[in-house]
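A quick write-up on the structure given underneath.
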Protein chains: 2
Amino acid sequence: MARAGITPERLTVAAADLADEVGFEAISLAALARGLGVKDASLYSHVAGLGDLRTRVTVLALAELADLLADAVAGLAGKDALKAFATTYRHYALAHPGRYTAMQQELDPATLAASAAPRHGELVRAVLRGYGLADPDETDAARLVLSTVYGFLGLETSGGFSHHPRDLGTSFERSLDALDHALRSWA
Amino acid sequence: MARAGITPERLTVAAADLADEVGFEAISLAALARGLGVKDASLYSHVAGLGDLRTRVTVLALAELADLLADAVAGLAGKDALKAFATTYRHYALAHPGRYTAMQQELDPATLAASAAPRHGELVRAVLRGYGLADPDETDAARLVLSTVYGFLGLETSGGFSHHPRDLGTSFERSLDALDHALRSWA
DNA sequence: CTCCATAAACTAGGGGTTCTAGGTTTTCAC
DNA sequence: GTGAAAACCTAGAACCCCTAGTTTATGGAG
């Protein structure tokens, strides 16, 4: 029988694409194998199991988003950097709902440390560099910024804001304005 | 055979408790039936299926938290109300991780509207009443506050902040201070 | 107190999933 | 070519959800 040319990387991308279509919780090795014209047991040559594949998807999503964020923020500072960071984050979350919910998956500390998650933190710190905060304050501010962006998109994608007609994009903009104001006068 | 005295409510509470122990994603009708000394098929007399049970757990969690928030905020205004709201939210999330992740479940619009989720929004609005914001601004500010609290706890519980030694409780406090400052000078 | 209707439990089984164990075939390096 | 490793297969165990039909306990009506 002809080989399907499966690699762990291609399998992970296929899983991520499937997650964007049907939801991260709904991905299964069986469905993936069907899509690739292969028996499900064959996938164990490339991946240690469903759990392994799921963590690979979240690691992939973290890395993809970190790359996009780094590009978006490069050369910017202050409010411009903050807005570029946040809108890039938002576009990714809305365009890739499965990958985004994958990013909310808990990872064990080792793979978390080896993933692009620390880069996210560093990027937020780079954005905050323009606001001139000393070290414990910078950590607190970075957590505030990441929490707000992450939380807004979590609520937006899960429908938590849907009961009010106010446009979500402008609410997001106003929240960033308020965040910028809070950062400039942190003390 | 003796009856087990199961009701939809007791079953939902048992599922929520199980979720707090093993994680919301890991709850199963089979495990629940074993715990109650009953065959899994018997649970279909009380609940329409696993999906139904899961939405019942999120509705329960939303209602529990809304009650706690209402008590905590009663009689307070301004920064005191904001801190009471946020710390109550945080205590609930940390004490009941399964229930909290249940709250991140997407609900269909009808059950969402019938749940306590709108009450959460109203409670945030009540907190903001002390800041004197006009209507489109109040909506934006409410979304900002809810996003920040919700996002911080999502990141905290999923380990997203664990790579830095800074105490999370004080980071949370500082974020609330910054939020209060942003609300007072909303512009 | 008996009887009956209803609700709560049961048994049996289909279909789905993950994952393991072991066998076969393809591919590639030598 | 040949041998070895990797990719794929079949077969099957162990779960899980859910349906269908059956039995049993409960509580109210007569």
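Chain A is the first sequence line, chain B the second, and so forth, proteins listed ahead of strands; every chain is numbered from 1. Just so you know, these numbers use all the heavy atoms, side chains as well, and skip hydrogens, waters and symmetry mates.
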I want to verify a distance call: between C:dA9, D:dC17, C:dA21, whose nearest atom is closest to the B:Ser28 side chain?
D:dC17

Reckon A:Arg54 has a side-chain N or O less than 4.0 Å from the OP1 or OP2 of C:dT18?
no

Rounding to an integer number of Å, can you tell me how far B:Glu25 CD sits from D:dC16 P?
16 Å

Using a cut-off of 4.0 Å on non-hydrogen atoms, how would the nucleic acid contact of A:Gly5 be classed: base, sugar-phosphate, or nothing?
sugar-phosphate

In whole Å, what is the span from the CG atom of B:Leu11 to the P atom of D:dC17?
12 Å

Is B:Leu94 reachable from B:Val57 through a run of I, L, V, M, F, W or Y residues, each pair having side-chain heavy atoms under 4.5 Å apart?
no

Residue-phosphate contact under 4.0 Å: B:Arg34 side-chain N/O, D:dC16 OP1/OP2
yes

Nearest-Å distance for atom pair CD1/P, residues B:Ile27 and D:dC17
9 Å

Nucleotide nearest A:Lys39 (side chain, heavy atoms from C-beta), chosen from C:dT18, D:dC17, D:dC9
D:dC9

Between C1' of C:dG16 and CG of A:Leu50, the distance in whole Å
14 Å

What is the distance, rounded to the nearest whole Å, between atom OH of A:Tyr44 and atom P of C:dG22?
17 Å

Between B:His46 and C:dA9, is there a side-chain N or O to OP1/OP2 distance below 4.0 Å?
yes

Nearest whole angstrom, please: distance from the P of C:dT18 to the CG of A:Asp40.
7 Å

How would you label the contact of B:Ser45 with the nucleic acid (heavy atoms, under 4.0 Å): base, sugar-phosphate, or nothing?
base

A:Tyr150 and A:Leu123: same hydrophobic cluster, using ILVMFWY side-chain contacts below 4.5 Å?
yes

note: B:Leu43, atom CG; D:dC16, atom P; distance rounded to Å ~ 12 Å

In whole Å, what is the span from the CG atom of B:Asp52 to the C1' atom of D:dC17?
14 Å

Regarding the side chain of A:Leu29, the nearest nucleotide among C:dT18, D:dT19, D:dA7 is C:dT18

Pairwise distance CG(A:Leu60) to OG1(A:Thr58) - rounded to 0.5 angstrom
9.0 Å

Please tell me whether A:His181 and B:Ser185 have a donor and an acceptor in their side chains that are separated by less than 3.5 angstrom.
yes

Of the options C:dT17, D:dA11, D:dC8, whose atoms approach the side-chain atoms of A:Ser42 most closely?
D:dC8

Using the side-chain contact (heavy atoms from CB on, under 4.5 Å) rule, pick out the option among A:Val145, A:Val73, A:Leu76, A:Leu183 that qualifies with A:Val127.
A:Val73

